[in-house]
Amino acid sequence: MRPASWRSCPSCPPGSATPPSSWPRRWPQRSGRTCCAGARSPGSACTVDAPRPLLVRACTEVPAMDRPVRVRFAPSPTGFLHVGGVRTAIFNVLFARRQGGKFILRIEDTDHERNTEEALQQILESLRWLGLAWDEGPLRQSDRKELYRSRLESLLASGQAYRCYCSAAELEAKRQKAIAEKRTYKYDRTCRDLPAGAQDGRPYVVRFRMPDQLPDHFDDLIKGRIPIEPENLDDWILARSDGSPTYNFCVVVDDADMGISHVIRGDDHVINTPRQIMLYRAFGFPEPSFAHMPLVHGPDGSKLSKRREAEYRALGISVSALEYRAMGYLPQAVVNYFARLGWSHGDQEIFSRAELEGMFELKDVGKSASVMNPEKFKWLNAHYLKETPDAELAGMLPPYLAALGFPAEPGPRLARIAGAFKERAKTLAEIAEQARVFFEAPSAYEPKAVQKNWKADSPGLLGRVRALVAARGVEDEPGLEQAFRELAEAHAGGKLGAVAQPVRIALTGSSASPSLFLVMAILGQDEVLRRLDRALASLPGPAPQG
RNA sequence: GGCCCCAUCGUCUAGCGGUCUAGGACAUCGGCCUCUCACGCCGAGAACAGGGGUUCGAGUCCCCUUGGGGUCACCA
């Protein structure tokens, strides 16, 4: 079943200036998101009298799902993939899957200098790691210059764009003046109606001839009705003086060309939307629906910034997607966490990928920005760690161990180690860290642990344990445990802890570890004996009698 | 600063006018389990920013204030 879609106002046909009184206060997709009903001046709200019919429609039409659902993620390869981008990609993928549509990857590399091949590869790697597979692409804007050029020509030819010969310096001066006078800077249209040919040979940029009549709002699938403020819209630049097309221009050309039906992107693009809508209309392209997602904020409440990575790292988060892999997060956890950040489905917290793809609805996306919470993220990761089979975990561990200087190969031993620590750690990196006890003998014994658990009779007990291990080995965990219990019964007042803790300290140097019997089994008989001997030699001997 | 957006526990959120003495999750604090540490289980504290309206009735609708955020390029 297809979800109710956001449609253009059914009661507001082109030409109709007065919304009927029966106008629904609630719109199907989401409560509180009104269309014309909420207009500032009811009665003439959303119709603009049009000198140019092509450019005007009653209401911002949101063509719904009478065309195939196609969404896109369009990162620009200027650095690592930002977590905000990850979330945008996730929402797009989930939306596409839920709607049975296509997810397209487009690379916005029109920029000069700032783009690097390395960044692109890292973005692709991040997406692959997270299992965010694209159905088409990656398409690169740098391969589509001819398309932009011809579209620009057509706009120029029809008079909807014009050449502007103002120099960057002149414009900058005007901007500074406006700022000094506390005015909003807006291009003054100096070149709008220049006689043809007058400026031949001088460098120019191409500007969009912004229509005088604009719709008063557009409808956003997440944020609802967004007013359009004509004061803020000037004749913006479509192509730079070097001929390269600008972002706002490429986006529209590409989205239209690729048949994008829903533009799901970050909040920070809301401001661009009116310009883009007008460009769609100038071209006569069908407009997509827009959905602007609230941004992800850092713990300080402001938009995540790549520049503040150092601060974030101290708090356990990162702006870089791939960094979470280095920190030992599982891709399922990352997807679950970011999907759930700003989107919810009742009280559910854990979502399998299939569930997400089956449940995701734009109407369940919240309107306010959300702050990342590293604790919850870790908790989720811990959940997925526990859910992952030991052998699989063992396969992922070597890089994390290698980072600590412990070469290791996946195998039964590593699987056992993974099993021993997966409920004690929240990340793969933590598993590796805790597993160090299996890769090197303790270099010291925690003073606190010794003080608390190393008693006068400990050396004696340890000696008995040594004999026990020497006699029966360490492979039979339950049997060994039984033997320990008997030993405790006979020599330690029946308290297993009185035996176990000193042994634990001897073997691990610490008072905390996985089950002692599992630890011994993984260590192996020889190593256990070695460590017991060492402890016996270096820890305090029996207290003087009396 | 102009414009725009947002506002329920510390954080993520449920809530779509009465079922709210506001639910769940993370975190925190107790307890249980227990060879330690964890896991798990049980329990506790913790929120409708403030003020006006509308309504028989408002966390839910409207307005204002306050607070937070976003955006103001020949970047994307």
Side-chain angles (χ1 to χ4, degrees), chain A residues 25-26 30-32 74-78 108-115 141 164 166-168 171-172 175 179 182-186 203-207 220 223-224 226-229 231-232 236-244 246-248 250-251 266-272 292 294-295 297 299 301-303 337 340-350 363-364 366-380 382 386 421-426 434 449 452-453 481 484-485 488 495-501 503-505 508 510-517 519:
Chain A
R25 273 192 80 74
R26 296 192 182 289
R30 170 175 197 122
S31 62
S76 77
T78 54
E108 311 241 314
D109 58 356
T110 45
D111 196 353
H112 6 284
E113 300 133 39
R114 301 213 298 147
N115 299 305
Q141 287 186 329
C164 167
C166 298
S167 73
L171 294 174
E172 185 53 28
R175 178 176 300 111
I179 292 170
K182 301 194 174 185
R183 296 192 333 259
T184 307
Y185 169 75
K186 196 174 166 184
Y204 61 87
V205 299
V206 177
R207 288 185 184 270
D220 188 280
K223 305 178 89 70
I226 306 222
I228 293 176
E229 187 51 65
E231 280 310 304
N232 298 147
W236 49 286
I237 294 172
L238 298 168
R240 305 180 184 100
S241 47
D242 66 358
S244 64
T246 59
Y247 168 76
N248 278 308
C250 294
V251 175
D267 233 352
D268 46 346
H269 288 290
V270 169
I271 197 79
N272 292 321
H292 289 96
L295 268 19
H297 285 180
S302 67
K303 180 180 170 182
Y337 182 74
R340 184 63 184 61
L341 195 64
W343 170 86
S344 64
H345 187 82
D347 284 340
Q348 191 169 345
E349 298 287 350
I350 310 279
K363 74 174 173 57
D364 297 319
K367 295 210 249 185
S368 50
S370 23
V371 173
M372 278 192 72
N373 180 330
E375 263 67 48
K376 185 163 184 175
F377 194 1
K378 278 196 172 189
W379 168 77
L380 253 182
K386 279 176 269 185
F421 290 115
K422 70 179 182 183
E423 352 195 279
R424 266 162 262 262
K426 293 190 189 302
Q434 293 180 20
K452 184 173 178 204
N453 298 300
E481 176 168 354
F484 265 60
R485 285 188 189 283
K495 288 193 289 196
L496 183 54
V499 180
Q501 283 307 78
V503 175
R504 194 184 310 279
I505 290 169
T508 70
S510 147
S511 63
S513 85
S515 161
L516 197 53
F517 310 102
V519 168

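Note on naming: letters A, B, ... go to the chains in the order of the sequence lines (proteins, then strands), and numbering restarts at 1 for each one.
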Letter per nucleotide, 5' to 3', of nucleotides 30-36 of chain B [B base touched, S only sugar-phosphate touched, - untouched; heavy atoms, 4.0 Å]: -----BB
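- No hydrogens or angles were tested; on distance alone, nothing pairs the side chain of A/Lys223 with the base of B/rC5 as donor and acceptor under 3.5 Å.
- In this structure, A/Glu375 and A/Trp343 both approach RNA chain B, and ranking their closest nucleotides by distance from the 5' end singles out A/Trp343.
- For A/Arg340, the salt bridge (charged side-chain N to carboxylate O under 4.0 Å, His left out) partners at least two apart in sequence or on another chain are A/Glu349.
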I'd like a table of atom pairs between the protein and nucleotides 40-44 of chain B - only N or O on both sides, under 3.5 Å - with the distance next to each one.
unit_1: B/rG40; atom_1: OP1; unit_2: A/Lys386; atom_2: NZ; d: 3.2

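- Applying the side chain to side chain contact (heavy atoms under 4.5 Å, CB included) test to A/Asn248 and every residue at least two apart in sequence or in another chain returns A/Trp236, A/Asn272, A/Arg275, A/Gln276.
- Here A/Lys303 does not reach the OP1 or OP2 of B/rG69: none of its side-chain N or O atoms lies under 4.0 Å away.
- Regarding contacts with the backbone of B/rU13, a side-chain N or O of A/Ser370 is found under 4.0 angstrom from either OP1 or OP2.
- Rounded to whole Å, atom C1' of B/rC72 lies 14 Å from atom CZ of A/Arg183.
- Distance, A/Asp267 CG to B/rG70 P: 10 Å, rounded to whole Å.
- Residues A/Asp267 and A/Lys223 form a side-chain contact, since some pair of their non-hydrogen atoms from C-beta on lies under 4.5 Å apart.
- Contact check for A/Val251 versus A/His269: no side-chain heavy atoms found under the 4.5 Å cut-off.
- Under the 30°/60° scheme for interplanar angles, the aromatic rings of A/Phe484 and A/Phe517 are found to stand perpendicular.
- As rounded to whole Å, 16 Å separates atom P of B/rC37 from atom NZ of A/Lys426.
- Contact annotation: side chain of A/Thr184 to base of B/rC72, donor-acceptor pair absent below 3.5 Å.
- At the heavy-atom level, A/His292 lies nowhere under 4.0 Å from the strands shown.
- Nucleotide B/rU66 is matched to B/rA7 when pairs are restricted to Watson-Crick or G-U wobble geometry with both distances under 3.5 angstrom.
- For the pair A/Glu108/A/Cys250, no side-chain contact is recorded, criterion being any heavy-atom separation below 4.5 Å from C-beta on.
- In this view, A/Ser167 and A/Ala169, A/Glu170 satisfy the side chain to side chain contact (heavy atoms under 4.5 Å, CB included) rule, not counting sequence neighbours.
- Remark: the A/Asp347 side chain and the B/rG23 base include a donor-acceptor N/O pair separated by less than 3.5 Å.
- At the heavy-atom level, A/Ile350 lies nowhere under 4.0 Å from the strands shown.
- Taking the nucleotide of RNA chain B with the nearest heavy atom to each of A/Glu423 and A/Ala369, the more 5' of the two is matched to A/Ala369.
- Distance, A/Asn272 CG to B/rC4 P: 16 Å, rounded to whole Å.
- With hydrogens and angles left out, the side chain of A/Glu231 and the base of B/rG2 share no donor-acceptor pair within 3.5 Å.
- No side-chain heavy atom of A/Tyr247 sits less than 4.5 Å from a side-chain heavy atom of A/Gln141.
- A/Lys422 meets the salt bridge (charged side-chain N to carboxylate O under 4.0 Å, His left out) test with A/Asp390; sequence neighbours excluded.
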